[in-house]
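Written out below as structure tokens is the structure these notes cover.
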Amino acid sequence: MGSKKYFVLLFLFVLGKTTLGQDKIKLIGIIEDCATKKPLPNATIQCMGYVPRIIPLYKKTTTSDANGKFTIEVPNGSKNSFTINLIGYETYDPRSLQQCNSNTDSLPIGFICLKPSVKGLKEVEVVAHKELLQLKADRIIYDVKNDKTAAANNIQTLVSRLPFFSLSSDGKLLYKNSPRYKVFIDGRPSGLARYDPNMYLQTVQGQTVDKIEIITSPTAKYDMEGNSIIINVITKKMENGYSINLNSKGDSFGALGGGGGYDEIRSLGFRCVFLCQ
């Protein structure tokens, strides 16, 4: 009976020695390029392994150094597989397990080469964004057509965002807190822009405008008085059509008056501006 107990204790001791008491060994390898044989730094090495008859599995991760070298410590007598990843190279993922037995504290596993990836890189589109505002000596130029937010807003809203402009409490556009400005269309006063510039700015949408010039130092050709500035709205050019301007006025006694005219232009449609008083 005593001999049986001794045999059981000896068996458990040997089992514990061969399982829980496994010595550690260092696996040492070098990652290189299969084509050039140059060492590959910063590769990610993941080691998955197990000791026979022992659960659970273990997983360890490391990276290769500047010389492509890596070291992972595992139990002596374990079985391991390596998965290696590096951007620009195919994943190294062998199916077989490597038996790791050694009488020393380290075990060289030699060179592991990675194949360059043959997958093409996605096309990269480089887009140069043009500045929406240009500052010149005598004017500010606002590139409306390239402003993605312009189409959903009227000209008054767009201009109010520019330097020195603001909106008053009653919805009037101000330049340096003053309403002293004139609105030109394509370089000249016209229709509602001359009669009621603030209303014109509210009624015209950004999608019809190419750019806006804020002329801060008007020359003599603009026939300006005082310290007024010019908001020059340059419209998008169309083809084959007419520009129509109509105006009318009336008073409380029933008297009516009006006028109108048109200029032939090259446009796809026509533009009509009504003036009422």
Side-chain angles (χ1 to χ4, degrees), residues 127-168 171-176 178-249 258-277:
V127 180
H129 294 282
K130 186 177 180 181
E131 294 293 335
L132 296 180
L133 289 182
Q134 297 181 52
L135 301 180
K136 296 190 175 183
D138 64 337
R139 69 192 62 197
I140 300 172
I141 302 175
Y142 173 24
D143 187 5
V144 178
K145 69 177 181 298
N146 286 319
D147 186 349
K148 295 181 180 180
T149 67
N153 293 282
N154 60 43
I155 302 303
Q156 186 195 63
T157 300
L158 296 177
V159 174
S160 68
R161 300 173 181 173
L162 300 181
F164 309 116
F165 283 93
S166 61
L167 290 176
S168 65
K172 297 294 182 66
L173 184 68
L174 303 177
Y175 175 75
K176 293 184 177 180
S178 170
R180 294 184 63 82
Y181 60 83
K182 290 188 176 182
V183 175
F184 282 22
I185 303 173
D186 297 326
R188 60 183 182 179
S190 176
L192 183 60
R194 178 169 51 188
Y195 177 78
D196 190 340
N198 199 71
M199 182 179 292
Y200 171 80
L201 296 176
Q202 290 177 344
T203 55
V204 177
Q205 295 300 306
Q207 61 189 2
T208 66
V209 176
D210 182 54
K211 60 184 176 180
I212 299 173
E213 294 180 332
I214 309 300
I215 304 175
T216 54
S217 299
T219 59
K221 72 175 184 177
Y222 291 108
D223 191 26
M224 299 296 291
E225 69 278 353
N227 58 352
S228 297
I229 66 162
I230 293 175
I231 301 174
N232 185 27
V233 179
I234 301 176
T235 58
K236 291 182 178 178
K237 299 301 183 290
M238 297 180 290
E239 297 179 357
N240 302 330
Y242 297 89
S243 175
I244 302 175
N245 292 292
L246 301 176
N247 64 79
S248 64
K249 61 181 180 179
Y262 70 89
D263 297 315
E264 183 176 358
I265 61 173
R266 300 295 180 180
S267 66
L268 288 174
F270 60 87
R271 179 176 59 181
C272 185
V273 180
F274 292 92
L275 304 179
C276 300
Q277 179 176 336

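Nothing here was measured: the structure is a model prediction, and the numbers come from that model.
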- request: Determine whether K176 and I229 make a side-chain contact, defined as any pair of heavy atoms from C-beta on separated by less than 4.5 Å.
  value: no
- request: With rounding to the nearest 0.5 Å, note down the distance linking CG in L201 to CD1 in I212.
  value: 8.0 Å
- line: Heavy atoms of L174 and P179 approach each other most closely as CD2-N, 3.9 Å
- prompt: Would you call T208 and T235 a side-chain contact if the rule is heavy atoms closer than 4.5 Å?
  reply: no
message: Could you measure the distance from the CD1 atom of I215 to the OG atom of S217? Nearest 0.5 Å is fine.
response: 10.0 Å
task: Kindly compute the distance separating OG1 (T149) from CG (L158), expressed to the nearest 0.5 Å.
output: 6.5 Å
query: Got a donor-acceptor contact below 3.5 angstrom from the T216 side chain to the D138 backbone?
result: yes
- line: Between the CD atom in E213 and the CD1 atom in I140, the distance rounded to the nearest 0.5 Å is 11.5 Å
- prompt: Closest heavy-atom contact between G206 and I155?
  reply: CA-CD1, 4.1 Å
- prompt: Angle class for the Y175/F165 ring planes (parallel below 30°, perpendicular above 60°, tilted otherwise)?
  reply: tilted
message: Which heavy atom of L173 sits nearest to which heavy atom of Q156, and what is that distance?
response: N-NE2, 3.9 Å
task: Search all heavy atoms of P218 against all heavy atoms of I230 and return the closest pair with its distance.
output: CB-CD1, 4.0 Å
Option from D196, N198, I231, V159 for which side chain to side chain contact (heavy atoms under 4.5 Å, CB included) with V183 holds: I231
query: salt bridge (Lys or Arg N to Asp or Glu O under 4.0 Å) with D210: which of K236, K145, K237?
result: K145
- request: Check whether any side-chain heavy atom of I214 sits under 4.5 Å from a side-chain heavy atom of R139, and report yes or no.
  value: no
message: As an exercise, state the distance from CD1 of I185 to OH of Y200, rounded to the nearest 0.5 Å.
response: 3.5 Å
statement: Interatomic distance, CG@L162 vs OH@Y142, rounded to 0.5 Å, equals 6.5 Å
